[in-house]
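A short write-up of the structure that comes next.
Counting starts at 1 for both ligands and their atoms, in listed order. Just so it is clear, the values below take in all heavy atoms, side chains as well, and ignore hydrogens, waters and symmetry mates.
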Amino acid sequence: MLGNSQQVAYSRGQWSSRITFIFAATGSAVGLGNIWKFPYTAAENGGSSFILIYLICIFLIGLPVLCCEILLGRHGKRNTVNIFYRFHRDYATPLGWRIIGWIGIASGIMILSFYSVIAGWVGAYIFKSAAGAFDNMTAEAVNNIWGALLSNPEQLLIWHTAFMVLTAATLARGVRDGIERVVRYFMPLLLILLIGLVIYNALTWDMQSTLKFMFSFEPDKITPYVILEALGMAFFSLSIGMGAMMIYGSYLPGSKPILGTTAAIVVADITVALLAGLAIFPLLFSFDLNPDEGGAGLIFKTLPLAIGQMPGGHLFGSLFFFLLLVAAWTSALSLLEPFAAWCVEHRSWNRSGAAIATSAGVWLLGLLTVFSFNEWKDITLFDKTAFGLLDYVSSNIMLPIGGVLIVLFAAWVLPASIMRDEIGLRNKKWQKVWQFVIRYLCPAAIIMILFNLLTTS
Ligand code: TRP
């Protein structure tokens, strides 16, 4: 239990400015979710209908949840569990709400366990690309390279380990040092490369089918499953529902309204996801690959086809995968920061110990994913491998549950004046609209989507 004096045993850091926070939060949001997960999840779920629901979920649900997370964090200035002790002390809110922190820590661990393995694939592809492994390859040959990597658990394990060591080392130094510089220079570069790829593809491959696949209106393809997948994708790509943005918000100085900040993060996030779609789908159609067969390997089966043909492809390809790895790294930090911060602030561990212990736990759980693609690929539950289950349960179920609890807490339990001050809407009418969205619309939408799936599957 926390006493009032417990909080001062350590000194809590801050981002150096609001801009640093925006960079860090964008670094968290933009990652493998946008470039690896979004394209294949969209492809598996029918393309345009999924994308439409995804965008609706982002604005209707994602943006409000993101706002609530940041404002809770900034107001409470504690890790994602202890913050609820503080709210309890200051506003007599029930302590049970700290379950939000615990569900979040659990989902962060689960997500990072597979995220790290996927980041490892990206690492391996930096070198393959640089070595010219994809030069003028057929789709089949590219597929074989991919298959060879997956069926080699040692390779996957080495990369997974390397990525977790990198994560642990950075976490140990504290995410507040250095993250800004990394994001400030590397993210814009990633964006430029992505745009370059889209232009190259538009000139070379089948952009028309891509536009139709991504943006035509096909209401008959919308099913409860597609809606849940789109909701999960919205949560995953924005890094919400587990406290990552809450802990980042807790390092945010000042008291400027946060709505604008939130909007900037959202725009960056969907821009990267949509560009990734535009960069990857043309290859699918031009090489006659079946959209829903790519699975989790989609970008690794398609991007090398472009890389292998374009002038300067070695360099472009390795740079692209390198930047993607950097993006994954800045996201990974936010997945483990809530747990690490709890170890430091609640258990009084030192930062290095906390970083090493939490990363080691995640590494161990990651073995499930490593073997999901080879030795254990036939062991399934509900038709999903261990990796599939970890992903499905954390992204589509735990994050939305975390999200709904966060919004409910911020909208109904905390004094209304806090929300008003932090959001910074001056206009009375907009305040009413906002209230309606966070009190009713957003929680009701999440609950309905979750419930709908339970009753229809
Ligand atoms: N948003 C990141 C991505 O798109 C992944 C991520 C980082 C995340 N932190 C998170 C997902 C917190 C859910 C919750 O790659």
Could you check whether W97 and F87 have their ring centres less than 6.0 Å apart? no
Could you check whether R351 pairs with E337 (Lys NZ or Arg NE/NH1/NH2 to Asp/Glu carboxylate O, under 4.0 Å)? yes
Determine, using ring centers only, whether Y54 and F38 are less than 6.0 Å apart. yes
Kindly confirm or rule out an N or O of L32 lying under 3.5 angstrom from an N or O of ligand 1. yes
What is the closest protein heavy atom to atom 15 (O) of ligand 1, and at what distance does it sit? Y115 OH, 2.5 Å
So for A29 against ligand 1, with non-hydrogen atoms under 4.0 Å, the contacting part is backbone
Say whether G33, considering both its backbone and side-chain N or O atoms, lies within less than 3.5 Å of an N or O atom on ligand 1. yes
Which of the atoms of ligand 1 are close to L399, meaning less than 4.0 Å from one of its heavy atoms? 13 (C)
Would the Y40 and W36 ring centres measure less than 6.0 Å apart? yes
List the closest protein heavy-atom neighbour of atom 14 (C) of ligand 1: residue, atom name, distance to the nearest 0.1 Å. M242 CG, 3.2 Å
P39 and A276 have their tightest heavy-atom pair at CG-CB, 4.2 Å
Only one of P64, C442, C67 clears side chain to side chain contact (heavy atoms under 4.5 Å, CB included) with V407; which? C442
Assess W36 for proximity to ligand 1: is some non-hydrogen atom of it under 4.0 Å away? no
Ignoring angles and geometry beyond distance, decide whether F236 reaches within less than 3.5 Å of ligand 1 through its nitrogen or oxygen atoms. yes
Name the orientation class of the two ring planes belonging to Y248 and Y251 (parallel below 30°, tilted from 30 to 60°, perpendicular beyond 60°). tilted
Heavy-atom nearest neighbour in the protein, as seen from atom 7 (C) of ligand 1, with distance rounded to 0.1 Å: S239 OG, 3.2 Å
Quick one: look up the protein heavy atom nearest atom 9 (N) of ligand 1 and list residue, atom name and how far away it is. S334 OG, 3.0 Å
Quick one: which ligand 1 atoms are inside 4.0 Å of a heavy atom on S237? 1 (N), 4 (O)
Intermediate values then yes/no, side chain to side chain donor-acceptor pair (under 3.5 Å), N79 and E345: CA-CA 7 Å; N79 67 73; E345 296 175 7; 2.9 Å; yes
Within a radius of less than 6.0 Å around NZ of K256, do more than 12 heavy atoms belonging to other residues, nucleotides or ligands occur? no
What's the shortest distance from atom 2 (C) of ligand 1 to any protein heavy atom, and which residue and atom give it? S28 O, 3.2 Å
May I ask you to check if ligand 1 and L335 share an N or O to N or O distance below 3.5 Å? no
